[in-house]
Amino acid sequence: MMDILIKSFNRPYYLDRCISSIKLNVSGNFKIKVLDDGTPKKYLDKIRKDHPEVEIYPSGSYEKKIEAIEENLKSGKPINGFEIPTKFWYDNVKKASEYVIVTEDDVWFTQPINVDDLQEQARKFDINLLKLGWLGNESERKDLNLNSISEDLESAQPKDLLLLNKKLMTAFFHNQYKFFTILYKLKIVNNHTHLKYWSLNSILMGFYKKDYWLNIWKDMDGKVDEKKQLINASLFYRKNKHNPNFISRLKTEAMKTTFQSSATNSYHEYGFDFDVNRFNYLINEAWMKGEFDAMENFPKDFSLDYFKSFVSENINIPEFEKWVNKFRNQYEEMGCNTH
């Protein structure tokens, strides 16, 4: 049995959508496990009632996060979204099946996949990361050697990555000793070179051989350190670079995520008069009452007008729209399709 792990925090309306999409589009022998870091109990009880087959595990900081949510609603005190339960995630992946899907509550499956078939192909072709989605970013194809390996999979071997030892990769990503600057002046790298290393990683939409995920996420120390992840990934891949199928992907993207919601203000504080925590509370309550349909507009994201219909009396809508546009533009500039 394969584990599908969902990291979640205080957006049960998206968690419901994620789980419902798995039940709709994922077949084979699997278990859904939610790794929750602070969704209030009454919401999780509804998830348990609606999806009794799902296992829910609270993090060690669960109670502290619940208190932070309550305090935010009372006084407006910010929720610290930078306190991340990486050890909790790591320990649960370590106990999971040989192959795992690790995703988040605001991601959902849009196309059918069979995990038994994918595991069989992963073993046959020695795949360590199979990408199930890539945010609609087709521009990254130019940096990959793509070759069909089966009816539904293609290998995605990165082109022209510098694969150095740990000390040099750390210097490269952090420009220690002006290492990146020197490479830039020699025209060995450019301002887009760092982005190419994302070909080795997928935070939201990866079907992983567990050992590779654990290597990417080791020593995270309670934060999502993306540079450290990419360094770890490059070091592991360096030892396996002659395997052309090490990184592979579906021929058709099977997952999507949102670009108009966030768990906290921490990562998307753009200076607008919009409180994402208040927004989530309003949608959570509407969902709890059965008024908000977790599958509205599926398989696309919730329509913006649908969100507005639940929050218009309590949220500055023009500021919300600016916030969403800023969020989307941030990713569209990288080549992602945010609609």
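Using a distance-only test at 3.5 Å, with no hydrogens or angles considered, a donor-acceptor pair links the side chain of Lys228 to the main chain of Asp219. When atom types are taken as modelled, the side chain of Asp116 and the backbone of Asn29 share a donor-acceptor pair closer than 3.5 angstrom. Side-chain N or O atoms of Thr257 include one that pairs as donor or acceptor with a backbone N or O of Asp106 at under 3.5 Å. A donor-acceptor contact shorter than 3.5 Å is absent between the side chain of Asp105 and the backbone of Leu15. Side-chain N or O atoms of Ser97 include one that pairs as donor or acceptor with a backbone N or O of Asp3 at under 3.5 Å. Between the side chain of Asp37 and the backbone N or O of Pro85, no donor-acceptor pair lies under 3.5 Å. Side-chain atoms of Ser59 come within 3.5 Å of backbone N or O of Tyr62 as a donor-acceptor pair. Between the side chain of Asn25 and the backbone N or O of Phe109, at least one donor-acceptor pair lies under 3.5 Å. Lys256 places a side-chain N or O within 3.5 Å of a backbone atom of His339 that can act as its donor or acceptor partner. A donor-acceptor contact shorter than 3.5 Å is absent between the side chain of Gln111 and the backbone of Ala254.
Counting only N and O atoms by type, the side chains of Asn114 and Ser27 include a donor and acceptor under 3.5 Å apart. Side chain to side chain, Ser303 and Glu296 meet the donor-acceptor criterion of an N or O pair below 3.5 Å. In summary, the side chains of Asn175 and Thr181 do present a donor paired with an acceptor at a separation below 3.5 Å, with no hydrogens or angles considered. Between the side chains of Asn284 and Asn10, at least one donor N or O lies within less than 3.5 Å of an accepting N or O. Counting only N and O atoms by type, the side chains of Tyr331 and Glu333 include no donor and acceptor under 3.5 Å apart. Counting only N and O atoms by type, the side chains of Ser150 and Gln121 include a donor and acceptor under 3.5 Å apart. Side-chain atoms of His51 and Asp16 include a donor-acceptor pair closer than 3.5 Å. Checked by atom type, the side-chain pair Ser148/Glu154 shows no donor-acceptor distance below 3.5 Å. One side chain, Thr39 or Asp36, offers a donor N or O that lies under 3.5 Å from an acceptor on the other. A donor and an acceptor atom, one from each side chain of Thr86 and Asp221, are nowhere located under 3.5 Å apart. Side chains of Tyr14 and Ser261: a donor-acceptor N/O pair is absent below 3.5 angstrom, by distance only.
The cationic atom of Lys131 (NZ for Lys, CZ for Arg) does not lie both less than 6.0 Å from the six-membered ring centre of Phe207 and within 45° of the ring axis. In this structure, Arg123 is not positioned above the aromatic face of Tyr99 in the sense of NZ or CZ being under 6.0 Å from the six-membered ring centre and within 45° of the axis.
Ring-plane geometry between Tyr212 and Tyr208 is classed as tilted, the angle between the planes lying from 30 to 60 degrees on a 0 to 90 degree scale. Between Phe274 and Phe320, the ring planes lie tilted relative to each other; the angle falls in the 30° to 60° range.
No side-chain heavy atom of Val34 sits less than 4.5 Å from a side-chain heavy atom of Ile47. For the pair Leu5 and Ile101, the minimum side-chain heavy-atom distance is 4.5 Å or more.
Other residues, nucleotides and ligands place more than 12 heavy atoms under 6.0 Å from the CD atom of Glu71. Enclosure of atom NZ in Lys251 by more than 12 non-hydrogen atoms of other residues, nucleotides or ligands within 6.0 angstrom is indicated. Surrounding NZ of Lys159 are more than 12 heavy atoms belonging to other residues, nucleotides or ligands, all under 6.0 Å away. Residue Tyr90 places its OH atom among more than 12 non-hydrogen atoms of other residues, nucleotides or ligands, all under 6.0 Å distant. By the neighbour-count criterion of 12 heavy atoms within 6.0 Å, atom NZ of Lys300 is sparsely surrounded, having that number or fewer from other residues, nucleotides or ligands.
The salt bridge (Lys or Arg N to Asp or Glu O under 4.0 Å) check on Lys178 picks up nothing, with sequence neighbours excluded. Applying the ring-ring contact (aromatic ring centres under 6.0 Å, His included) rule to Phe180 yields the partners Phe172, His194; only residues at least two apart in sequence or on another chain are considered. For Tyr13, the ring-ring contact (aromatic ring centres under 6.0 Å, His included) partners two or more places apart in sequence, or in a different chain, are Phe292.
How far CG of Asp275 is from CG of Leu282: 9.5 Å, rounded to the nearest 0.5 Å.
When each of Leu24, Val54, Asp50 is tested with Ile19 by the rule side-chain contact (heavy atoms from CB on, under 4.5 Å), just one qualifies, namely Val54.
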Test log, rule salt bridge (Lys or Arg N to Asp or Glu O under 4.0 Å), inputs Glu53 and Lys31: CA-CA 8 Å; Glu53 71 281 15; Lys31 171 70 73 174; over 6 Å; no

Salt bridge (Lys or Arg N to Asp or Glu O under 4.0 Å) between Lys94 and Asp91, worked out: CA-CA 5 Å; Lys94 194 172 183 178; Asp91 290 346; over 6 Å; no

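Taken together through direct or relayed side-chain contacts under 4.5 Å among Ile, Leu, Val, Met, Phe, Trp and Tyr, Trp198 and Leu146 form parts of separate hydrophobic clusters.
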